[in-house]
Amino acid sequence: MKAMIIRSFGGPEVFEEGEVPKPKILPGHVLIRVRATSVNPVDYKIRKFGPSIAPAFPAVLHGDVSGIVEEVADNVSRWKKGEEVFGCVGGLIGTGGALAEYILADERLIATKPKNLSFEEAAVLPLVSITAWEGLFEKGNLQAGNKILITGGGGGVGHIAVQLARWAGARVLATATGESKQKLVLKLGAEAVSGRMEVEIQEAALKHFGSSDFDLALDTGGGSGFETAISMVKRKGKAITINASGTFDLGKAHSKSLDLAVVFMLIPLLHNEGREKHGFILKEISRLAEEGILRPIVDPEIFSWKKIGDAHRKLEEGKSFGKIAVVID
């Protein structure tokens with residue numbers, strides 16, 4: 001089958017057209033004809049740095065996928081040929097990726113594609129939605145009425161987290177850079193928005209909530225964002241990040257007896273544990289999308305898979321507005 005592959009790690013130019021074997025069906029799996037995928041930071045980091053989670057060369061990258069079930073294993077009963085599905089299913093060590101005509105998917109990792117979304121819209125949801133869900137509800141135990149700070153509210157995980165937190169009945173303040181992203185965050189349901197600086201967050205929180213202490217904070221970027229989350233959470237609150245790489249002084253967290261947590265949603269894919277949970281989350285995401293409660297923001301520029309290098313470059317350079325979708329045409 002045709003695929004966009006890499007034979008070495010490096011810049012966006014390492015992608016090339018190639019031929020790889022079509023996956024053979026395995027027990028507990030379905031074969032998906034790929035219609036679309038999306039670009040996540042983990043995709044360009046694997047391409048660029050080649051961490052230990054990278055697939056073998058010639059490598060087919062990307063985990064997010066939307067498409068149509070082409071073949072079903074004999075022991076699979078929940079899926080049928082022709083059904084439209086989405087999920088985050090591969091692009092890592094030991095798996096194929098979505099930059100190909102077909103991808104093999106564990107039946108537990110996928111859900112029915114929202115009927116009201118295009119394949120491109122559905123393809124941008126899996127990784128960021130699962131990450132946001134785990135951060136808010138599994139790590140954060142978010143409750144109605146909680147005051148939550150979401151850093152990077154206009155980003156991939158952030159814009160989904162804002163909508164999910166609002167749906168859960170929380171009072172949301174999100175940080176965003178630039179007028180367009182700040183307007184987007186408010187449109188998606190945040191009660192308040194501010195810049196990244198702690199003084200800006202404090203001023204906005206006092207104005208809208210009457211207090212600058214948050215019950216919990218979800219940092220969607222890491223680095224200084226995680227430090228801000230720790231600073232803004234009240235005593236015995238929770239600070240969660242999706243990127244804990246770096247060096248942090250946790251003295252402030254200690255002085256407030258905070259609960260700290262990290263989300264790494266790839267664990268079920270890498271270690272084959274808890275995969276049913278991903279399917280459950282995506283089923284809920286599909287339902288919320290169909291009910292009009294949640295919607296993905298897709299960058300206006302839709303890329304062909306033959307231009308995947310350009311798509312990677314755009315995300316790396318921070319020039320996207322919304323998630324970048326890639327069609328397998």
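In this text the structure is predicted, and so the values were computed from the model without any measurement. We number each residue from 1, following the sequence as shown.
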To the nearest 0.5 Å, what is the distance between CD1 on Ile230 and CG on Asp219?
9.0 Å
Flag, side chain of Glu284 to backbone of Phe280, donor-acceptor distance under 3.5 Å
no
What pairs with Arg35 under salt bridge (Lys or Arg N to Asp or Glu O under 4.0 Å), at least two apart in sequence or on another chain?
none
Using only atom types and a distance under 3.5 Å, with no angle test, would you say the side chain of Gln182 pairs donor to acceptor with the backbone of Thr177?
no
Is a donor on one side and an acceptor on the other found under 3.5 Å between the side chain of Ser212 and the backbone of Ala205?
no
Is the backbone N or O of Ser118 less than 3.5 Å from a side-chain atom of Glu121, with the two atoms forming a donor-acceptor pair by type?
yes
Mark yes or no for whether Arg47, through its side chain, and Gly10, through its backbone, hold a donor-acceptor pair below 3.5 Å.
yes
Shortest non-hydrogen contact from Ser180 to Phe321?
OG-CE1, 3.6 Å
When you measure from the side chain of His29 to the backbone N and O of Ala73, does any donor-acceptor pair fall under 3.5 Å?
no
Sequence neighbours excluded - salt bridge (charged side-chain N to carboxylate O under 4.0 Å, His left out) pairs with any residue from residues 79-90
Glu84-Lys113
Excluding sequence neighbours, so at least two apart, what forms side-chain contact (heavy atoms from CB on, under 4.5 Å) with Phe57?
Ile6, Phe9, Ala59
For the backbone of Val42 and the side chain of Asn40, can you confirm whether one donor and one acceptor N or O come within less than 3.5 Å of each other?
no
Any side-chain heavy atom of Phe214 sitting closer than 4.5 Å to one from Asn146?
no
Check whether any side-chain heavy atom of Leu173 lies under 4.5 Å from a side-chain heavy atom of His208, and answer yes or no.
no
